[in-house]
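Presented below is the structure to which this report refers.
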Amino acid sequence: MLKRLNIKNYAIIKDISIEFSKGFNVFTGETGAGKSIIVGALSCLAGQRADSSVVKTGSDKSVIEGIFDINDKYAALLTDASIDFDDELIVRRVINKDGKNSIFVNDNSVTLNFLNKLFKDDIDIHSQKENFYLLNANNHLRLLDIYAEDRDILEEYHELFNVYDKRKKEFDSFLEEDFNLRDLDYFKYSLEEINNANLSIQEEEDLLNREKYYKSFKKDMERVRMALSLYNDDRGIKDLLYELRRSIADNELLKSSYDVINDLYYSLEDEMNNVSNTFESFDLSEEEINHIEERLYEINRLKRKYQTDIKGILELKAELIIKINKFEDRENYIQKETEIIEKLKEKAFKKAKDLSKIRKEKALQLEKNVIKELHDLLLSNVQFKIDFQDKNMSFDGIDDVEFMISLNAGESLKALNKVASGGEISRVMLGLKTIFTRLNNTSLVVFDEIDNGVSGKVAFTVGKKMHDIAKDTMVIAITHLAPVAAFADNHLYIYKSDSDGITSTTIKKLNDEEIISELAMISSSIINGQTKTAAQELIERANSCK
């Protein structure tokens with residue numbers, strides 16, 4: 001969960017720190033005080049792109065920092081990225097006035113890609129833009145697949161379809177090609193050149209290892225040759241030691257020294273003979289060295305020519321054989337390839353039908369769940385159906401899917417994006433969110449005024465539904481409705497203050513007495529004994545529902 005949010009020099013926010021709690025967190029306050037700015041800052045923290053326009057006037061940069069509890073997903077990603085962590089995840093975004101952005105996770109610089117990966121499906125910010133996503137029929141099939149949890153069969157189908165689709169596109173491209181004898185001659189020449197080279201990955205590795213060995217060996221032998229020269233040449237070590245030995249041979253005073261030097265002389269002679277014998281036993285074959293160098297030169301020439309490694313050249317060889325066969329036996333190739341593609345299509349289509357069957361079975365369950373959620377939100381006459389239409393097989397299968405709904409008795413089912421009032425849309429969106437939030441195991445859901453257009457009893461059920469979601473997932477909601485705010489576990493009040501002619505946003509956590517006054521003000525725009533009593537009763541009613 002999000003424990004704390006620190007925002008500095010962002011829009012009209014100068015410097016605030018917001019403490020959150022588990023459960024349902026609510027922001028209230030006057031219009032324009034900066035509630036949606038908080039959502040914008042959270043969006044930046046979750047991976048949305050940001051530009052310099054958010055930097056507060058007169059400042060060089062904005063800084064947004066969030067402190068989160070560590071969960072298993074965060075721990076795995078941080079470990080893979082070699083980022084140290086204890087029990088907290090600290091994410092900081094720095095947005096500079098010159099347009100440059102920096103992102104830090106536990107004080108390690110990371111990319112926007114990494115940030116998006118970190119919070120993907122973990123932070124869900126529901127705004128008007130998200131409404132468009134849920135209403136758009138192009139997204140309904142994906143939502144159904146999320147609900148159906150059909151990932152395994154979907155991946156199997158994708159694999160089969162991709163094999164079929166790639167082969168078909170290559171075949172269609174071939175049919176569009178003009179037969180060109182010059183191309184055929186070039187293909188044959190290239191194939192012959194590659195065949196004559198008799199390439200193998202293992203051979204290249206062996207040649208490189210042998211080349212390395214010979215270079216090292218040659219260097220060592222040069223040192224041995226130098227050692228033998230130092231020992232054996234005229235006036236070399238051997239001659240000098242011999243003269244040293246003779247010069248003290250008959251000196252009684254140096255008899256003990258002579259014996260030691262004499263022993264050393266013969267011992268050194270024996271060892272140098274061994275060195276000489278070892279040196280002579282190794283034959284540094286210039287012929288083999290030349291063969292290695294010539295062979296590596298040829299391999300590198302082909303790699304440069306075809307701009308790939310040996311593996312790539314061998315793959316090119318297989319492609320050349322296919323191309324030559326296509327040209328030389330065009331009719332036979334077309335017949336065989338048509339048969340292969342048809343079999344691949346049949347295999348993919350069979351899996352697509354299996355996938356479609358699962359989708360239709362799960363769609364019935366989803367319809368019931370959506371209706372239940374919308375009944376909870378006082379849409380008692382709602383009908384919800386998932387409409388299936390057949391389509392030509394594509395990457396996502398053979399189903400065209402659209403969510404259809406009727407909100408009032410006697411009305412026919414219509415596309416989801418045709419529902420009438422804003423209040424009804426809000427409840428439909430909240431019902432869908434309730435289902436898909438649970439499926440995604442989302443850690444944080446943010447609702448930016450999703451309760452627009454509702455009031456009275458409906459507003460109370462909306463607040464209850466948000467509180468129900470918050471039992472499993474941390475929820476942050478921006479609201480203007482007292483019945484929604486009454487369900488809050490943590491109530492935060494946002495207001496503007498002026499200092500030295502500069503307007504800034506301030507946030508205050510309300511205590512029990514302040515919450516009653518705020519709910520009274522939201523409900524009636526008046527704070528007196530009567531409105532405060534009504535607010536207290538609203539809180540008690542919400543508490544009884546919790």
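For the single chain, residues carry numbers from 1 onward in sequence order. Computed from heavy atoms alone, side chains included, the values below leave out hydrogens, waters and symmetry copies.
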What's the shortest heavy-atom distance between E19 and N490, and which atoms?
O-ND2, 3.3 Å

Which residues pass the ring-ring contact (aromatic ring centres under 6.0 Å, His included) test with Y297, sequence neighbours left out?
none

Mind checking what makes side-chain hydrogen bond (donor to acceptor under 3.5 Å, both in side chains) contact with S356, not counting sequence neighbours?
D399

Run the salt-bridge test on K362 and D145 with the 4.0 Å N-O cut-off and return the result as yes or no.
no

Charged N to carboxylate O under 4.0 angstrom, K433 versus E373?
no

Minimal heavy-atom distance between G397 and K391, with the atoms involved, is O-CE, 3.5 Å

Taking only residues two or more places apart in sequence, or in another chain, which ones meet K351 in a side-chain hydrogen bond (donor to acceptor under 3.5 Å, both in side chains)?
E156

Residues passing the side-chain hydrogen bond (donor to acceptor under 3.5 Å, both in side chains) test with D87, sequence neighbours excluded, are none

Do K188 and D185 meet the salt-bridge criterion of a basic N to acidic O distance under 4.0 Å?
no

For the pair K22 and D489, find out whether any cationic side-chain nitrogen is under 4.0 Å from an anionic carboxylate oxygen.
no

Side chain to side chain contact (heavy atoms under 4.5 Å, CB included) with I123: which of L45, L42, V445, L444?
L444

Would you please test E346 and Y164 for side chain to side chain donor-acceptor pair (under 3.5 Å) and show each step?
CA-CA 9 Å; E346 289 175 6; Y164 155 72; over 6 Å; no

Nearest heavy-atom contact between L191 and L320 is N-CD1, 3.9 Å

Pairs where residues 42-53 contributes a residue and the test salt bridge (Lys or Arg N to Asp or Glu O under 4.0 Å) is met, not counting sequence neighbours:
none

Test of understanding: with salt bridge (charged side-chain N to carboxylate O under 4.0 Å, His left out), list the residues that count as partners of E211, not counting sequence neighbours.
K215

Residues in side-chain hydrogen bond (donor to acceptor under 3.5 Å, both in side chains) contact with K169, at least two apart in sequence or another chain
D165

D309 side chain vs G312 backbone, donor-acceptor pair below 3.5 Å
yes

Residue set satisfying salt bridge (charged side-chain N to carboxylate O under 4.0 Å, His left out) with D206, at least two apart, ordered chain then number -> none

Would you say K317 and N195 are linked by a side-chain donor-acceptor pair, where the criterion is simply a distance under 3.5 Å?
yes

Give a yes or no on whether the backbone of T434 and the side-chain of T437 come within a donor-acceptor separation of less than 3.5 Å.
no

Filter on salt bridge (Lys or Arg N to Asp or Glu O under 4.0 Å), then keep only pairs touching residues 99-119, sequence neighbours left out; what's left?
R92-D107

Holding to side-chain contact (heavy atoms from CB on, under 4.5 Å), I want the full list of residues that pass it with E319, two or more places apart in sequence or in another chain.
L316

Taking 4.0 angstrom as the limit, do K303 and E204 come out as a salt bridge?
yes

With sequence neighbours left out, the residues meeting ring-ring contact (aromatic ring centres under 6.0 Å, His included) with Y333 are F174

So, are E65 and K8 salt-bridged, with charged N and O less than 4.0 Å apart?
no

H140: which residues meet the ring-ring contact (aromatic ring centres under 6.0 Å, His included) condition with it, sequence neighbours left out?
F403

Aromatic rings F68 and Y74: how do their planes relate, parallel, tilted or perpendicular, breaks at 30° and 60°?
perpendicular

For Y157 and D354, what are the C-alpha separation, side-chain angles and deciding distance, and is it a side chain to side chain donor-acceptor pair (under 3.5 Å)?
CA-CA 9 Å; Y157 169 70; D354 294 340; over 6 Å; no

Whether R427 side chain and L377 backbone form a donor-acceptor pair below 3.5 Å:
yes

